[in-house]
Amino acid sequence: MFAPPLSMKPVRLPAAATLALPRWALFALGALYILPGLIGREPWKNDDAASFGIIWTMAHGGLNDWLWPNIAGLQMPEEGPLAFWLGALCVKLFGWLLGDVLATRVSTVAVFLLGALSVWYSAFNLGRRKDAQPLRLAFGGQPEPDDFGRTLADAALLIYLGCLGLLLHSHETTSESLLVSLLALLTYRAVRYMELPSLRNAGLIGLALGLLTLTRGWVTPAFLTLALLICAQFLGLALGRTLRDLAAAALLSALITSFWVLPAHLLLAPDNTPIRGWMAWNQAQLGLPTVTSLKFIFRVSLWFCWPAWPFAGWAVYAWRRQHHMLHIVVPLTFVTMLALLALFNPAPEQGQLLPLLPPLAIMAAFGLLTMKRGAINAIDWFSVMALTTCAGLIWLFWFAELSGWPAKLARNALKLVPGYAPKLNLAAFMVAACASAGWIALVHWRVSRQPAVLWRAVVLSSGGLILIWVLLMTLFLPELNYSKSYASVAQQIAQKLPANVRCIMSNVGPAQRASFAYFGHLPFAAVDSGQCDTLLLQDRAKLRDDANLQRHYGNSEWELLWEGRRPSDRDERFRLYRRID
């Protein structure tokens with residue numbers, strides 16, 4: 001038996017396997033992915049509502065609000081302003097037509113498109129390179145380079161859309177959603193630079209690094225600059241030229257960052273500038289690895305990066321003898337550096353794993369090339385069975401909630417939203433029914449035709465995940481708004497406010513403050529203000545009634561005007577007081 005040489009590539013593929021996914025199907029999947037969850041969804045608690053609060057404050061505030069992100073006076077010096085600038089600009093342009101909440105999500109769509117296109121073009125450029133092409137067949141019939149690149153790009157995009165961790169974050173107007181798209185852009189610019197080192201390509205890398213710094217600090221861009229140097233050395237680029245180009249990129253990145261840092265430093269009071277807090281937040285991102293961070297990465301990344309990480313891991317193994325090739329070096333180096341950053345973070349969170357997804361998806365596409373038919377069929381059947389079962393359960397719970405049968409399912413569904421009265425939304429039902437019919441047609445096509453195309457292994461995973469999201473954002477969107485939004489609480493507080501209230505001091509968190517300011521138009525004061533005649537207190541229902549009041553506001557007499565909470569949260573409590581002394 002002939003043994004192939006060590007340098008032989010592990011891919012042997014006929015042209016029939018590289019048919020591109022129809023463009024209309026790709027656009028339809030993208031639209032079904034991003035649009036549900038943007039239309040009709042209120043800002044939910046935590047990061048989603050807090051980010052909207054910063055954007056809303058900027059859009060309706062002055063220059064100081066644009067230089068120092070804040071939520072109705074609550075200063076937010078962490079991260080960076082770029083994501084909020086984009087959202088506020090969209091409110092300025094489209095708020096009169098769409099309303100402030102939906103207008104902010106115009107930027108969400110633009111950010112999603114940036115990330116999706118960057119992933120597609122990165123994989124396309126890598127796939128059409130000579131060193132990534134499959135082996136030539138004995139009697140011809142191998143794919144053309146551009147056809148092979150397009151097929152790999154389609155597969156990479158489907159894997160990217162199928163990642164569980166991206167789903168919710170990509171529908172929020174937060175710095176994390178912009179971070180992952182800019183990381184995809186940087187990956188694309190890195191590929192282009194490694195193909196053709198030049199000052200122009202280095203300048204475009206610097207642009208991406210500068211935007212990353214304005215989005216979520218300088219730590220990630222700094223370490224990715226080091227990753228770029230490592231890539232260049234693995235690929236045999238001249239060290240002197242690489243250092244010169246990366247220095248120019250870093251200089252341009254610093255210049256872009258200075259467009260915010262200098263005005264914030266010069267125009268704001270010296271003791272009232274966000275730069276000090278921003279630098280402290282950046283420095284807090286680095287520390288020694290801990291058992292907690294290691295457990296977090298292992299536990300969360302297994303599902304967060306699914307299904308990209310198994311394919312990406314297989315790609316590293318399959319191409320291990322060609323480890324100096326561009327399509328392995330760039331994504332693998334980025335993944336390794338970003339994983340180390342997450343490991344060295346003293347307070348790991350899901351948002352820090354988002355940058356892993358673009359390079360993982362690109363690398364995973366190359367793993368598909370060498371997957372055995374049996375493994376691909378197993379993944380397909382797992383996707384069909386698991387996702388169809390999940391979709392069926394969503395439909396069953398929706399029917400039980402509306403009809404009351406089966407009684408046990410109806411009780412379990414309504415237990416999560418106490419006090420909610422379900423109603424049939426015909427438009428939402430039609431969208432969910434069409435999406436379910438599309439899923440059935442997709443499964444039938446895959447099972448009946450047994451296509452040989454490369455992306456067949458991931459189209460069901462991505463399509464099924466999109467189906468689940470569409471069903472949740474149509475059939476159960478009113479219930480989710482009811483349980484996760486503070487709109488109803490804000491309206492209750494607004495009704496109980498005294499007519500002559502001057503300002504409100506409060507200890508509520510960023511998400512609550514944003515929701516109350518927007519939905520209830522509550523006149524919050526600066527956080528450290530003690531001159532207000534009204535107090536809004538947030539604490540836990542298990543605490544004694546006067547515990548927090550006496551501890552922090554004991555020098556005054558207060559009259560309780562209102563007490564309430566979200567129906568779905570039995571632990572959280574809000575109380576409204578008026579000063580009577």
Step-by-step side-chain hydrogen bond (donor to acceptor under 3.5 Å, both in side chains) determination, Q75 to N70:
CA-CA 4 Å; Q75 297 162 350; N70 68 92; over 6 Å; no
Checking F399 against L409 for the side-chain contact (heavy atoms from CB on, under 4.5 Å) test, could you report, in this order, the C-alpha distance in whole Å, the side-chain angles of both residues, the deciding distance, and whether it holds?
CA-CA 9 Å; F399 179 79; L409 289 181; over 6 Å; no
Decide side-chain contact (heavy atoms from CB on, under 4.5 Å) for I493 and I504; before the verdict, give the C-alpha distance in whole Å, the side-chain angles of both, and the deciding distance to 0.1 Å.
CA-CA 11 Å; I493 297 172; I504 301 174; 5.7 Å; no
Stepwise side-chain contact (heavy atoms from CB on, under 4.5 Å) check, R575 with D539:
CA-CA 8 Å; R575 288 178 290 167; D539 59 8; 2.6 Å; yes
Audit row: Q352, L341, side-chain contact (heavy atoms from CB on, under 4.5 Å) steps and yes/no:
CA-CA 8 Å; Q352 293 157 1; L341 272 176; over 6 Å; no
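Shortest non-hydrogen contact noted between A308 and L360 is CB-CB, 4.0 Å. The nearest pair of heavy atoms linking R513 to A525 is NH2-O, 2.6 Å. The shortest non-hydrogen separation linking P523 to L497 is CD-CD1, 4.2 Å. Nearest approach of L561 to K496, heavy atoms of both residues: CD1-O, 4.0 Å. Contact between T257 and G210 at its shortest, heavy atoms only, is OG1-O, 4.2 Å. Between A342 and S293, the closest heavy-atom pair is O-CB, 4.4 Å.
The closest side-chain heavy-atom distance from L522 to T534 is not below 4.5 Å. Between L338 and T220, some side-chain heavy-atom pair lies under the 4.5 Å cut-off. For the pair R579/Y577, no side-chain contact is recorded, criterion being any heavy-atom separation below 4.5 Å from C-beta on. Contact annotation: the side chain of L211 never approaches that of L178 to less than 4.5 Å [non-hydrogen atoms, C-beta and beyond]. Counting only heavy atoms from C-beta outward, the side chains of W66 and W85 approach each other to under 4.5 Å. F334 places a side-chain heavy atom less than 4.5 Å from the side chain of L186. The shortest distance between side-chain heavy atoms of W562 and V489 falls below 4.5 Å. Looking at heavy atoms from C-beta onward, F84 lies out of side-chain contact with M76 at the 4.5 angstrom threshold.
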Could you list the donor-acceptor pairs under 3.5 angstrom formed by side chains in residues 426-434, with sequence neighbours left out?
none

Only distances under 3.5 Å count here; give the side-chain donor-acceptor pairs of residues 93-117 to other protein atoms, sequence neighbours excluded, each with its distance to 0.1 Å.
from: W96; atom 1: NE1; to: L93; atom 2: O; distance (Å): 2.8
from: D100; atom 1: OD2; to: W56; atom 2: NE1; distance (Å): 3.3
from: D100; atom 1: OD2; to: H60; atom 2: NE2; distance (Å): 2.8
from: T104; atom 1: OG1; to: V101; atom 2: O; distance (Å): 2.6
from: R105; atom 1: NH1; to: L38; atom 2: O; distance (Å): 2.9
from: R105; atom 1: NH1; to: R41; atom 2: O; distance (Å): 2.4
from: R105; atom 1: NH2; to: R41; atom 2: O; distance (Å): 3.0
from: S107; atom 1: OG; to: T104; atom 2: O; distance (Å): 2.5
from: T108; atom 1: OG1; to: T173; atom 2: OG1; distance (Å): 2.8

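Within the 3.5 Å criterion, the main-chain N or O of G62 finds a donor-acceptor partner in the side chain of D65. Between the side chain of K92 and the backbone N or O of A59, at least one donor-acceptor pair lies under 3.5 Å. H169 places no side-chain N or O within donor-acceptor distance of the main-chain N or O of T174, the cut-off being under 3.5 Å. Not one N or O on the side chain of T215 forms a donor-acceptor pair closer than 3.5 Å with the backbone of S175. A donor-acceptor pair is defined here as one N or O able to donate and one able to accept, closer than 3.5 Å; no such pair exists between the side chain of Y160 and the backbone of I362. Distance alone, capped at 3.5 Å, places no donor-acceptor pair between the W439 side chain and the G464 backbone. At distances below 3.5 Å, not a single donor-acceptor pair connects side-chain atoms of T213 with backbone N or O atoms of W218. Remark: the backbone N or O of L480 is paired with a side-chain donor or acceptor of S483 at under 3.5 angstrom. Of the possible polar contacts, one joining the S122 side chain to the Y188 backbone as a donor-acceptor pair under 3.5 Å is found. Judged by distance alone, the side chain of S51 and the main-chain N or O of D48 form no donor-acceptor pair under 3.5 Å.
Here the CD-CZ distance, from Q492 to F519, works out to 13.5 Å after rounding to the nearest 0.5 Å. Here the straight-line distance linking atom CG of L161 with atom CG of L167 works out to 10.0 Å at 0.5 Å rounding. Here K295 contributes atom NZ and I297 contributes atom CD1; the two are 13.5 Å apart, rounded to the nearest 0.5 Å. Atom CD in E42 sits 4.5 Å away from atom CG in N481 (nearest 0.5 Å). Taking CD of E401 as the reference point, atom CG of L416 lies at 9.0 Å (rounded to 0.5 Å). The distance from atom CG of L353 to atom CH2 of W303, rounded to the nearest 0.5 Å, is 8.5 Å.
By the SG-distance test at 2.5 Å, a disulfide connects C532 to C503.
For the pairing with I256, the side chain to side chain contact (heavy atoms under 4.5 Å, CB included) check across L207, V261, L209 returns one residue only, L207.
At a cut-off of 3.5 Å, with distance as the only test, a side-chain donor of S436 or W395 sits close to an acceptor on the other residue. Under the 3.5 Å distance criterion, with hydrogens and angles disregarded, no donor-acceptor pair is assigned to the side chains of Q538 and N507.
Ring planes of W309 and W306: perpendicular class, angle over 60° (limits at 30 and 60°). The aromatic rings of F516 and F524 sit parallel, their planes meeting at an angle under 30°, below the 60° perpendicular limit.
Between R578 and E559 a salt bridge is recorded (basic side-chain N to carboxylate O distance below 4.0 Å). Under the 4.0 Å criterion applied to side-chain N and carboxylate O atoms, D571 and R540 are assigned as salt-bridge partners.
Atom CZ of F223 has 12 or fewer neighbouring heavy atoms from other residues, nucleotides or ligands inside a 6.0 Å radius. Within 6.0 Å of CG in L424 there are more than 12 heavy atoms belonging to other residues, nucleotides or ligands.
For E479, there are no side-chain hydrogen bond (donor to acceptor under 3.5 Å, both in side chains) partners, not counting sequence neighbours.
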